[in-house]
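Contents: one structure, followed by commentary.
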Amino acid sequence: MCGIVGYIGSAPHAYDVLLDDLHRLEYRGYDSAGIALVRDNGALVRVRAVGKVAALEEKLTKRAQVYAKLGIAHTRWATHGAPSVRNAHPHTAGAITLVHNGIIENFAQLREEVQKEGRMLRSDTDTEVIAHLIDMAYAQLHDLADAVRAVLPRLRGAYALLVIAKGDPKTLVAVRVASPLVMGVAADALFFASDAVAIVAHTHRVIYPLDGEIVVAKRTEGRVSYTITTEKGALRKHTPRVLKWDHTQAQKEGYAHFMLKEIMEQPHAVTDAMRGRLDSDNATARLGGLAPVEERLRTIKRIIIVSCGTSYHAGLIGAQLLQEYSGIVAEAVYASEFRYSNYLLDKETAVLAISQSGETADTLAAVREAKNKGVLTLGIVNAVGSSIAREVDAGVYNHAGPEISVASTKAFTSQLIVLVLIVLLLGRQRTMSVAMGKRIIRHLCAIPRLIETVCQHHKEIRAIARRYKRYDNFLYVGRLHNFPIALEGALKIKEIAYVHAEGYPFGEMKHGPIALVEPSLPTVVIAPRDSVYEKNLSGIQEIRARRGKVIAITTHDAVDIVKHAHDAIIVPKTLPVLMPLITVIPLQLLAYEVGVAHGVDVDKPRNLAKSVTVE
Ligand code: AGP
């Protein structure tokens with residue numbers, strides 16, 4: 001998730017506007033940054049730097065300030081290609097310079113085509129390939145908008161592009177598909193950005209172009225105008241909206257907290273985690289990051305998953321799925337335990353580290369311990385270029401974008417998606433049938449919409465949170481794939497609302513915890529209609545018989561559970577293997593709303609850090 005910004009106006013201060021705007025977007029990603037400006041004489045100046053925007057500013061101050069009325073800029077959260085100057089945006093090809101936020105799924109094929117045309121590629125990015133394609137079209141059509149329009153049908157994936165051309169100081173073309181883009185409309189200037197936080201500093205009048213719409217911004221003497229058309233050139237009218245957000249609200253896109261924004265972003269996050277990685281024809285997954293070890297993975301008979309906190313709960317589910325669907329012996333171990341234990345490891349064992357930050361000290365130490373023993377190390381990491389991402393032998397990035405809130409939500413669900421993709425890949429190398437692989441892929445594609453459906457229950461969940469906000473203790477229980485979700489739900493309400501909660505396998509209740517059950521101890525039961533439905537129903541009845549309160553996370557066909565629970569949150573059904581992606585959402589919202597009700601700063605809870613880089 002990168003940050004792109006653009007400016008076209010009658011005043012020559014693109015340089016200052018774009019740098020200020022980049023700072024406002026820096027929370028979206030900051031491994032490198034760059035700016036490109038077109039002077040009135042048509043000369044194009046481009047400067048890029050590794051690191052935060054400050055590194056770019058430092059480089060810029062060493063050059064004469066450029067006065068320009070047109071420019072674009074970018075702060076990068078790497079997806080293709082490590083953080084470096086040559087991979088930093090803006091990318092230039094011939095007369096064309098552009099910035100991009102998104103992922104082009106078919107970029108390898110397009111890259112080959114461009115190279116066959118004799119073009120030299122200087123970076124590892126998908127973005128540079130787009131620049132070459134547009135430049136080739138521009139050489140034929142001599143019109144920037146037409147050149148962009150000619151290329152779009154060939155791009156598959158997500159993109160928000162801002163495109164300018166050397167020699168044309170009066171035109172900026174913007175387009176988006178599946179990546180965010182907003183245009184600010186001021187009297188004598190137009191501002192473009194990935195999100196409104198970089199716009200509201202200049203104007204509150206905004207237009208959000210729809211997917212596939214192309215904005216052509218033009219500067220004629222003294223004024224700036226724009227047209228919006230479809231890919232085919234049909235005119236589209238948009239009336240600017242007036243945003244009531246201030247700068248801070250805009251960074252959260254109007255949500256009260258980053259945590260809520262990131263919970264609601266999960267349909268996009270899980271979509272991005274799957275993007276370009278589903279191979280429906282072969283009923284498997286395409287994971288470029290594992291390609292170098294794909295053959296070696298065929299010999300792996302055991303996987304130990306090492307991680308902490310929420311990532312450990314993802315690992316528990318991953319271990320269950322690997323055993324059930326890939327025929328691999330798997331277990332999840334707390335990284336802080338693994339690193340000091342003496343696990344028997346051999347050449348048929350792999351160690352898989354899961355970490356949002358890629359900097360968690362215990363998980364990094366576990367990876368190093370595994371490497372010391374000569375074991376294949378794999379990673380599922382969100383932060384590109386982080387220590388764990390660099391040190392494992394191979395890995396898969398979540399592509400969830402920066403997760404600002406201390407509580408891990410969209411990183412967790414995108415970790416689950418990547419785990420299912422790895423299970424697909426390894427399963428189809430072993431005993432998983434084409435039919436099962438296709439079935440999983442079909443249901444995976446529906447997950448974003450199902451998560452969206454659950455998010456629509458937010459008001460109902462807020463009401464439940466308000467009814468239970470005075471309780472000091474909770475039990476969370478579930479079975480099979482929903483037992484780790486019980487642990488995750490308990491962790492969320494602990495860390496976000498400072499309420500004590502314990503997660504248990506539901507079958508364990510009668511081995512002790514049921515002694516706690518009384519009216520003052522609610523039990524959250526994750527119990528969709530599945531193979532253990534009857535067991536869950538009798539467990540709920542045992543709790544009710546002791547006047548315990550039950551909040552059930554269940555499905556519409558679990559009629560008896562709905563009847564016996566005090567409160568029930570109905571979630572849509574999918575394959576049991578994918579239900580954790582759905583049942584976790586109400587628990588995230590429940591913890592969030594109880595935390596808000598308690599007046600907790602839910603984005604920065606006390607005593608916690610977003611990345612635990614100390615032991
Ligand atoms: C999750 O909500 C917590 N903030 C915490 O448990 C976190 O999951 C844990 O510290 C692991 O972090 P990582 O995924 O960055 O390694």
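Below, each value reflects all heavy atoms present in this structure, side chains not excepted, and no hydrogens, waters or symmetry copies. Just so you know, ligand 1 is whichever comes first in the structure, and atom 1 is the first atom listed for that ligand. Remember, it's a predicted structure, so these values are computed and weren't measured experimentally. Count residues from 1 along the sequence.
A heavy-atom separation below 4.0 Å is not found between Glu359 and ligand 1.
Using a 3.5 Å distance cut-off with no hydrogens or angles, the side chains of Thr377 and Glu391 do not pair a donor with an acceptor.
If you check which protein heavy atom lies closest to atom 12 (O) of ligand 1, you get Thr360 OG1, 3.5 Å. Considering only non-hydrogen protein atoms, atom 4 (N) of ligand 1 sits nearest to Val406 O, 2.9 Å. Scanning the protein heavy atoms around atom 11 (C) of ligand 1, the nearest turns out to be Cys308 O, 3.4 Å. Given atom 5 (C) of ligand 1, the protein heavy atom at minimum distance is Thr310 N, 4.3 Å. The closest protein non-hydrogen atom to atom 3 (C) of ligand 1 is Glu495 OE1, 3.4 Å.
Ring orientation note: the planes of His100 and His89 are close to parallel, at an angle under 30° on the 30°/60° scale. Below 30°, between 30° and 60°, or above 60°: for Tyr476 and Phe474 the angle between ring planes is between 30° and 60°, a tilted geometry.
Classification of Glu265 and Lys410 as a salt-bridged pair holds, one side-chain N sitting under 4.0 Å from a carboxylate O.
Considering both main-chain and side-chain atoms, Gln356 comes within under 3.5 Å of ligand 1 through a nitrogen or oxygen pair. For ligand 1, the polar-atom distance check finds no N/O of Gly358 at less than 3.5 Å from any of the ligand's N/O atoms.
Heavy-atom contacts of Ser311 reach the following atoms of ligand 1: 8 (O), 13 (P), 14 (O) (cutoff under 4.0 Å).
Rounding to the nearest 0.5 Å places NE2 of His443 at 5.0 Å from OG1 of Thr574.
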If you look only at distance, which donor and acceptor atoms sit under 3.5 Å apart when one is on a side chain in residues 582-600 and the other is two or more places apart or in another chain?
{"from": "Thr583", "atom 1": "OG1", "to": "Asn482", "atom 2": "OD1", "distance (Å)": "3.0"}
{"from": "Thr583", "atom 1": "OG1", "to": "Met579", "atom 2": "O", "distance (Å)": "3.3"}
{"from": "Gln588", "atom 1": "OE1", "to": "Gln266", "atom 2": "NE2", "distance (Å)": "2.7"}
{"from": "Gln588", "atom 1": "NE2", "to": "Gln266", "atom 2": "OE1", "distance (Å)": "3.3"}
{"from": "Tyr592", "atom 1": "OH", "to": "His257", "atom 2": "ND1", "distance (Å)": "2.7"}
{"from": "Glu593", "atom 1": "OE2", "to": "His458", "atom 2": "NE2", "distance (Å)": "2.5"}
{"from": "Glu593", "atom 1": "OE2", "to": "Arg462", "atom 2": "NE", "distance (Å)": "3.3"}
{"from": "His598", "atom 1": "ND1", "to": "Ala497", "atom 2": "O", "distance (Å)": "3.2"}
{"from": "His598", "atom 1": "NE2", "to": "Lys469", "atom 2": "O", "distance (Å)": "2.7"}

